[in-house]
2 protein chains.
Amino acid sequence: MPDDAQRTARRGSYAKGVARRQEILDRSIEVFAERGSGRTSLRAIAREIGVTHAALSHYFGSLEELLVAVYEASSDKGGEPVPDDASPMDMMIESARTNRDVPGLVQLYSSLVAAALEDDHPVAHAFASTRFANLRHELAERIRQQQRSGRMRADVDAVAVAALVIAASDGLQTQWLLDESAPQHEALAVLEHLLQPPAPEE
Amino acid sequence: MPDDAQRTARRGSYAKGVARRQEILDRSIEVFAERGSGRTSLRAIAREIGVTHAALSHYFGSLEELLVAVYEASSDKGGEPVPDDASPMDMMIESARTNRDVPGLVQLYSSLVAAALEDDHPVAHAFASTRFANLRHELAERIRQQQRSGRMRADVDAVAVAALVIAASDGLQTQWLLDESAPQHEALAVLEHLLQPPAPEE
DNA sequence: GTCTATACTTTGATAGAC
DNA sequence: GTCTATCAAAGTATAGAC
């Protein structure tokens, strides 16, 4: 929301704070992208970017909110916008490709999802469940398009396929990070092949 | 290894220690199954089962090793042994069914996998990568059987399908835990449908 | 070998000074 | 708005009683 910074700057004020928050966010993204979220405590990242840990708490409320903000900001700026008619599988394959360059962000994502499953992490839970819900909705829409235009088999439910594609992407990414011999790309290709409409004749 | 306990009991002994370790493990499984791994620190679980946190360190070395031991012990005892000719998809569907009763163990599994992705968690990394490698190998074997007997389409690579099935199971489990309206069962059914051999005639 | 007592370091959070 | 000071709780490590 760049507009917000503009508006509030005029009337006196905490424009500096907004800018500072953005600066902290940018530096944090760099740190996470290269170091992962493991050895990255609230204090460690504060030290790294030259502020006190209390400053981070001030701007982001808690460690978990900082993590969510970092992940969302970095995935917003990651990669070009996808064309409206891109196939869901191509989207996922493309995202897998760009993710290989920033393992730290994938670690961050994975730890946020794990935290979201716990009972007492409302921030992570809200982040993960809305992300999955939005992704399912968006992908299902694309899938219906593909089915209508005959580029994907039409005998399967779009939302179920969307959930399946998301699950496969996340899970294969994980397997590949743990063991580079895991057939991430091959498995995605298999799924794409399975979703192809049956050849009408041959 | 019950044999070990027997043998060493004879020669004077730490049979008591082995039994105690097992007792701690059993109690820990109960605690995790109902509470999850979130609010369950080394000290909290020690308090819960009536020992000091130092005793847990003594038997398990570190928190992470305790977590791995708890997960492995509980998944060993979870459910009947699967018949040799069970279909891979049926295995995963069955496992999804039993997992619904023990969300705490799924949380534990998820947090172990997330930790495994970090750079400085060798114990979790060893656990997760060997688990995935073994699962892929075992599932691929079953898939080849199914392909040979004509119960699964044969135009896809068995290892890639194995990785895909594992990823789908894990990812859908996660989505469902975050949001019960996620189509876990439907998506697994879709995958099963896609893997069916094409009808020879109709 | 088994286990307790204890101490050490680091964490995330907060209160209050400026 | 930002920092210093402080807090309770965490995981780990060690010494030594039994």
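All chains are named by letter (A, B, ...) in the order of the sequence lines, taking the proteins before the strands, and each is independently numbered beginning at 1.
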Query raised in the report: Applying side-chain hydrogen bond (donor to acceptor under 3.5 Å, both in side chains), which residue pairs with at least one partner in residues 60-69 of chain B are found, sequence neighbours left out?
Result: B/Ser62-B/Glu65, B/Glu64-B/His121
Query - Within residues 152-164 of chain A or reaching into it, pairs that qualify as side-chain hydrogen bond (donor to acceptor under 3.5 Å, both in side chains) - sequence neighbours excluded - result: A/Arg153-A/Asp155, A/Asp155-B/His193
Query raised in the report: Does a donor on one side chain and an acceptor on the other come within less than 3.5 Å for A/Ser41 and A/Arg43?
Result: no
Report task. Nearest 0.5 Å please: distance from the CG atom of A/Leu172 over to the NE2 atom of A/His185. Result -> 11.5 Å
Could you give the [atom1]-to-[atom2] distance, from [X] to [N], as a whole number of Å?
X: B/Phe60; N: D/dG11; atom1: CZ; atom2: C1'; value: 16 Å
X: B/Gln22; N: C/dT2; atom1: CD; atom2: P; value: 14 Å
X: B/His58; N: C/dG1; atom1: NE2; atom2: C1'; value: 6 Å

Query - Atom of A/Ala114, atom of B/Ala114 and distance for their closest heavy-atom approach - result: CB-CB, 3.8 Å
**Report entry** Partners passing salt bridge (Lys or Arg N to Asp or Glu O under 4.0 Å) against B/Glu72 (at least two apart in sequence or in another chain)
**Finding:** none
Query raised in the report: Which residue pairs pass the salt bridge (Lys or Arg N to Asp or Glu O under 4.0 Å) test when at least one of the two sits in residues 163-179 of chain A, sequence neighbours left out?
Result: A/Asp179-B/Arg136
Query raised in the report: What residues in residues 106-114 of chain B put a non-hydrogen atom under 4.0 Å from any atom of DNA chain C?
Result: none
**Report entry** Distance flag, aromatic centroids of B/Phe32 and B/Tyr71, threshold under 6.0 Å
**Finding:** no
Requested in this report: Would you mind classifying the nucleic acid contact of B/Ala55 as base, sugar-phosphate or nothing, using non-hydrogen atoms under 4.0 angstrom?
Outcome: base
Could you list all N or O pairs between the protein and nucleotides 8-12 of chain C that sit under 3.5 Å apart?
| residue | atom | partner | partner atom | Å |
| --- | --- | --- | --- | --- |
| C/dT11 | OP1 | A/Ser41 | OG | 3.2 |
| C/dG12 | OP1 | A/Leu42 | N | 3.4 |
| C/dG12 | OP2 | A/Leu42 | N | 2.8 |
| C/dG12 | N7 | A/Arg43 | NH1 | 2.2 |
| C/dG12 | O6 | A/Arg43 | NH1 | 2.8 |

Query raised in the report: So which one's nearest nucleotide on DNA chain D is more toward 5', B/Gly61 or A/Gly50?
Result: A/Gly50
